[in-house]
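Worksheet: the structure to be examined is printed underneath.
We name chains A, B, ... by the order of the sequence lines, and we start the count at 1 in each one.
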Protein chains: 2
Amino acid sequence: MCQHCNYPELLTTARLELTESRLRVLEIIGNNSFPLSAGDIYKTLERSSTINRVTVYRILDLLVDHGIVERLSTGGRSAYYGLAPNAFHQPHPHFYCKKCGQMDCLKPDSLTVKVEPLSKTFPGRIDKVEIRVDGICKNCLKQN
Amino acid sequence: MCQHCNYPELLTTARLELTESRLRVLEIIGNNSFPLSAGDIYKTLERSSTINRVTVYRILDLLVDHGIVERLSTGGRSAYYGLAPNAFHQPHPHFYCKKCGQMDCLKPDSLTVKVEPLSKTFPGRIDKVEIRVDGICKNCLKQN
DNA sequence: ACGGCTATGCAATATTGTTGCATGGTCTAT
DNA sequence: ATAGACCATGCAACAATATTGCATAGCCGT
């Protein structure tokens, strides 16, 4: 849950038309404390009113392209989405539970990496560094 | 290309039946300098003799479960596979080119992360830490 | 050689994501 | 206010990736 982000403003600042669907997608992502899959987001939206699955994918692509939302990979099959780093959100690593598929955010300083040495010598363009911890979450450990 | 790994031995040490198909899958992964997708592996195998796509997926799952092969996520849609860290292979980060989908291995010490502080306080089980750099590779940069 | 276990194949299905086209709404310039 | 252009959304079909259930055939220990 983000106390600071103004979602309509995030959209308009990126010069994106402010539509009901886009705002709802962004709110779901921003108000959730952990990243969600496209399917999760679609199902949540569907509960309150109808929206097309394709529209959700397109909005997600759009938000990612404009740097408002971040697409995260998991140890599993589908991508997860969370608010992209901005003035209120530092980049941070994630934890993926191999058992239940839940993805959690870790504290920004719990794991850090120095990119400079690599970026000085790397011949390509570096856009971002993703750190993901895989394992079994507390809850799933208990169940065994 | 791995000069040190004995592939049949890797299989038998893990108490896995040594079959032609498993060995071929493992050799393809081990002899390649960068991780491959399941589809890549399947296509390569198909060129020399027939094998079922499902068999490839099952062998990959098996090798991952037994810690011989490592499943890597990408910024893209499918998982990639490389030799798992062992006596001859240190864990290392990877680079994923968003444009061509090529996945490359980076030097083990090019980016490192200290896990201990996290593992001391984290309530779940930590199996591995994956570091992936996303961007555009040298070749794709040239093409623009 | 026999019985059981395992690896593989095949077909069907599931999941996730994408594309092409139609429609309807919004914005801008007149 | 209206026309034209543009854009967001929906719908259907498709594409890529992965999984499941069941059949078969091969291997292994007795």
Side-chain angles (χ1 to χ4, degrees), chain A residues 7-8 11-12 14-29 35-46 48-66 68-81 96 98-101 103, chain B residues 7-8 11-12 14-28 35-46 48-66 68-69 71-81 96 98-101 103:
Chain A
Y7 301 127
L11 289 170
T12 53
R15 305 201 185 195
L16 293 176
E17 205 175 295
L18 177 57
T19 71
E20 174 66 15
S21 299
R22 290 174 181 182
L23 192 54
R24 288 174 65 213
V25 168
L26 185 52
E27 281 173 349
I28 288 177
I29 293 173
L36 296 168
S37 70
D40 293 336
I41 295 166
Y42 172 60
K43 273 178 247 152
T44 307
L45 286 165
E46 267 278 289
S48 52
S49 77
T50 76
I51 188 173
N52 195 275
R53 208 168 53 92
V54 176
T55 302
V56 175
Y57 279 111
R58 284 200 272 235
I59 290 176
L60 288 171
D61 284 347
L62 186 83
L63 297 179
V64 169
D65 284 349
H66 286 77
I68 299 173
V69 158
E70 175 177 49
R71 177 182 284 122
L72 301 160
S73 65
T74 70
R77 273 223 265 147
S78 59
Y80 281 50
Y81 297 86
Y96 177 76
K98 293 191 283 193
K99 188 130 179 268
C100 64
M103 185 111 175
Chain B
Y7 301 128
L11 288 170
T12 53
R15 307 202 183 193
L16 293 176
E17 206 175 295
L18 178 55
T19 72
E20 175 67 13
S21 298
R22 288 173 183 183
L23 193 54
R24 289 174 64 212
V25 168
L26 186 52
E27 281 173 352
I28 288 176
L36 296 168
S37 70
D40 293 337
I41 295 167
Y42 172 60
K43 274 178 245 151
T44 307
L45 287 165
E46 267 277 289
S48 51
S49 77
T50 75
I51 187 172
N52 194 276
R53 211 164 52 90
V54 176
T55 302
V56 176
Y57 280 113
R58 284 201 271 236
I59 290 175
L60 289 171
D61 284 346
L62 187 82
L63 297 178
V64 169
D65 284 348
H66 286 78
I68 299 173
V69 158
R71 177 182 285 122
L72 301 160
S73 63
T74 69
R77 273 224 264 147
S78 59
Y80 281 50
Y81 297 87
Y96 177 75
K98 292 191 283 193
K99 187 129 180 266
C100 65
M103 185 111 176

Roughly, in whole Å, what's the span from CG in A/Leu18 to P in D/dC7? 17 Å
In whole Å, I'd like the distance from the CD atom of B/Glu46 to the P atom of C/dT8. 15 Å
Closest to side chain of B/Glu17, choosing from D/dA8, C/dG9, C/dT6: C/dT6
Whole Å only: how far is the CZ atom of A/Arg22 from the P atom of D/dC7? 10 Å
Using whole Å, report how far CG of A/Leu60 lies from P of D/dA8. 15 Å
In whole Å, what is the span from the CG atom of B/Leu11 to the C1' atom of C/dT6? 15 Å
Determine whether a donor-acceptor pair (N or O, by modelled atom type, separation under 3.5 Å) exists between the side chain of A/Arg24 and the backbone of A/Leu45. yes
Is B/Arg22 reaching over with its side chain to a backbone N or O of B/Glu17, donor-acceptor style, under 3.5 angstrom? yes
Looking at the side chain of A/Ala38, which of C/dG17, D/dG10, C/dT8 is the nearest nucleotide? C/dG17
Can you tell which of C/dG9, C/dT18, D/dT17 lies closest to the side chain of B/Ser78? D/dT17
Choose from C/dT18, D/dG10, D/dT19 the nucleotide whose nearest atom is closest to any side-chain atom of A/Ile51. D/dG10
Gap between atoms CG and C1', on B/Asp61 and C/dT8 respectively (whole Å): 15 Å
Using OP1 and OP2 only, check whether a side-chain N or O of A/Asn52 sits under 4.0 Å from D/dC11. yes
Can you find a donor-acceptor N/O pair under 3.5 angstrom joining the side chain of A/Arg58 to the base of D/dG10? yes
Mind checking if B/Ser37 touches a base, just sugar-phosphate, or nothing, with heavy atoms under 4.0 Å? nothing
Has A/Arg71 got a side-chain atom pairing as donor or acceptor with A/Ala79's backbone, closer than 3.5 angstrom? no
With a 4.5 Å heavy-atom cut-off, do A/Arg58 and A/Leu62 have their side chains touching? no
C/dA14 phosphate, OP1 or OP2, under 4.0 Å from A/Arg77 side-chain N/O: no
CG of B/Leu62 versus C1' of C/dT8: gap in Å, rounded? 13 Å
Please determine if a side-chain N or O atom of A/Thr19 lies less than 4.0 Å away from the OP1 or OP2 oxygen of D/dA8. no
d(A/Tyr96 OH, A/Thr74 OG1) to nearest 0.5 Å is 4.5 Å
Base, sugar-phosphate, or nothing for A/Arg53, non-hydrogen atoms under 4.0 angstrom? base
Atom-to-atom span, CG of B/Asp40 to P of D/dA18 - whole angstrom: 11 Å
Under-4.0 Å side-chain N/O to phosphate OP1/OP2 contact, A/Tyr57 with C/dT18: no
